[in-house]
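Note on naming: letters A, B, ... go to the chains in the order of the sequence lines (proteins, then strands), and numbering restarts at 1 for each one.
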2 protein chains.
Amino acid sequence: MLYIIGLGLGNEKDITLRGLEAVKNCSKVYIESYTSLLSFGLSSDGLSTLEKLYGKPVTLADRETVEEKADAILEEAQESDVAFLVVGDPFGATTHTDLVVRAKKLGVDVKVVHNASVMNAVGVCGLQLYRYGETVSIPFFTETWRPSSFYEKIQRNRALGLHTLCLLDIRVKEPTLESLCRGRKEYEPPRYMTIGTAIEQLLEVEQMRGESAYNEETLCAGFARLGSEDQMVVAGSMKQLLTVDFGAPLHCLVIVGETHPVEEEMLGFYTLGGGN
Amino acid sequence: MLYIIGLGLGNEKDITLRGLEAVKNCSKVYIESYTSLLSFGLSSDGLSTLEKLYGKPVTLADRETVEEKADAILEEAQESDVAFLVVGDPFGATTHTDLVVRAKKLGVDVKVVHNASVMNAVGVCGLQLYRYGETVSIPFFTETWRPSSFYEKIQRNRALGLHTLCLLDIRVKEPTLESLCRGRKEYEPPRYMTIGTAIEQLLEVEQMRGESAYNEETLCAGFARLGSEDQMVVAGSMKQLLTVDFGAPLHCLVIVGETHPVEEEMLGFYTLGGGN
């Protein structure tokens, strides 16, 4: 049996009782490390917080491991119970769907243990989850690569009065261009997009397109370390949020659509100068 | 302090360690009973499963209690730690946002413990969460009240190739019309909309509007008891799903938009005649 277990957003205490029970019964435990493990106490001395809680070793699985060694993991899961831990909810990222597809093809039973994800935890700011349109991803711009397909999506959502969740780029274990050329793998240091960078990129694209999908006065909500003890939520215009230091990653951003009175009242508590 | 704690979707074991710790430290524990407690072992003999796990009594709070007695609950929370338990994630329903707004106005500190909600757990069928448009609610039609504002929303989502999550009506503790007239409160038995009823209503509205937003061949995914041990997921056309017995509530429905190859492969496992 392959258990795919969501860890939630904050720290090791955000696993569910059902999830913890499954981990304790598994003979092997993997944890995906290609999104973010920032808040899970995973220091270089080896996953100590989680391992202490689970009472067993945990193996880090980066994207390469999962993509290249999936068959080995799934073979283990044919013989015994294997846990694959995922930050947030298991189906936040396509890669986990891939793993499930492979498992099912091999006839390995899969059980999923759900948990909170960014997609629902942003509800904390008071904007109703059913009033969101399509979610967009904001990738890091480079000198030569400045994709902006998010622009039309935001534009459409706003035309319908809907809120837009912007997921901000995470670059973990990206091979350096140099090392790729040499055929030897060396990695860039991890990078996590800040709300400031996201807004700068958004405004750059708006200036280029000039179709008034949004502007620097557009109301947004910025989230840092969502679901953690020290989470930070601030509502304000894009221009205002550019001046806020949101601190350590992860960050995400919501571009606010049309609001109802209860949404406004709740958002008011997070507004700059309001009583956050 | 007021703790608003998500219980997740399955049963008492879906609370997080963080949530359980908070409940254990609270002097008073309420649980909202106006959405659905079907799977949480809440029999008429009084919340036994949860109370056993928590080691303390749990007070059922129906919509009336929360709306009429919120101030009393919040007064308690000014003096001591109070837990308010919510099925799914705390911000699935507007009522909980109301409670937070009231608490903040009274200067009561609020802590939220997130959990899985239907909004992210539907990811289990393989359709990517970021490719959903606006969520719609399908209310029970009556002889005289057949609202269909969901139609335009589904139409817009489908025009953009997006999936649509349809939340199906739940009627718990609705006063009977007769009792309202008499000024004495008697309640209807609880009703939970099935996938079959939802599809019938959807097709009725399509027939009335005739704008081809969808039809009986439109691919959908039906979910029953999502997140529970005995959850059921079946993909098929509206016509096909009408023939499926999804069993006990809760049900929800996704109308599938344009699909990517990984989405199709995963959905294939749930297709009628596929290897569910």
Report which part of [X] has an atom under 4.5 Å of a heavy atom belonging to chain B: side chain, backbone, both, or neither.
X	answer
A:Ile15	both
A:Glu21	side chain
A:Leu53	side chain

Portion of [X] that has a non-hydrogen atom of chain A nearer than 4.5 angstrom:
X	value
B:Leu20	side chain
B:Leu160	side chain
B:Leu129	both
B:Val112	side chain

Test item: [X] side-chain N/O and [Y] main-chain N/O as donor-acceptor pair under 3.5 Å:
X	Y	answer
A:His251	A:Ala224	no
B:Glu211	B:Glu152	no
A:Asp169	A:Ile138	no

Item to check | Leading residue by heavy atom contact count with chain A [cutoff under 4.5 Å; candidates B:Gln231, B:His114, B:Arg156] | outcome: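 Ranked by heavy-atom pairs under 4.5 Å with chain A, first place is B:His114.
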
Checklist entry - In terms of heavy-atom pairs under 4.5 Å, which option from B:Glu263, B:Glu229, B:His260 contacts chain A the most? => result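 Counting heavy-atom pairs under 4.5 Å, the top option is B:Glu229.
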
Item to check | Close side-chain approach of B:Tyr132 to B:Leu162, heavy-atom, < 4.5 Å | outcome: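 Side-chain contact under 4.5 Å: no.
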
Checklist entry - Among side-chain atoms of B:Glu264 and B:Thr259, is any donor-acceptor pair under 3.5 angstrom? => result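 Their side chains do contain a donor-acceptor pair, which is all the 3.5 Å distance test asks for.
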
Checklist entry - Side-chain donor-acceptor pair under 3.5 Å between B:Gln128 and B:His163, yes or no? => result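 Looking only at side-chain atoms, B:His163 and B:Gln128 do not form any donor-acceptor pair under 3.5 Å.
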
Checklist entry - If you check every heavy atom in residues 115-125 of chain B against those of chain A, which residues fall under 4.5 Å? => result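 Residues of residues 115-125 of chain B touching chain A at under 4.5 Å: B:Asn115, B:Ala116, B:Ser117, B:Met119, B:Asn120, B:Ala121, B:Gly123, B:Val124.
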
Checklist entry - Is the A:Tyr214 to A:Tyr151 ring centre distance short of 6.0 Å? => result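 Yes; A:Tyr151 has its ring centre under 6.0 Å from that of A:Tyr214.
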
Item to check | Cation-pi check, A:Lys111 onto A:Tyr3 ring (under 6.0 Å, within 45° of axis) | outcome: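 A:Lys111 over A:Tyr3 ring: no.
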
Item to check | From CA spacing to verdict: side chain to side chain contact (heavy atoms under 4.5 Å, CB included), B:Val254, B:Phe223 | outcome: CA-CA 8 Å; B:Val254 170; B:Phe223 303 79; 3.5 Å; yes

Checklist entry - Run the side chain to side chain contact (heavy atoms under 4.5 Å, CB included) check on A:Thr164 and A:Lys153 step by step: do they pass? => result CA-CA 9 Å; A:Thr164 307; A:Lys153 291 177 187 173; over 6 Å; no

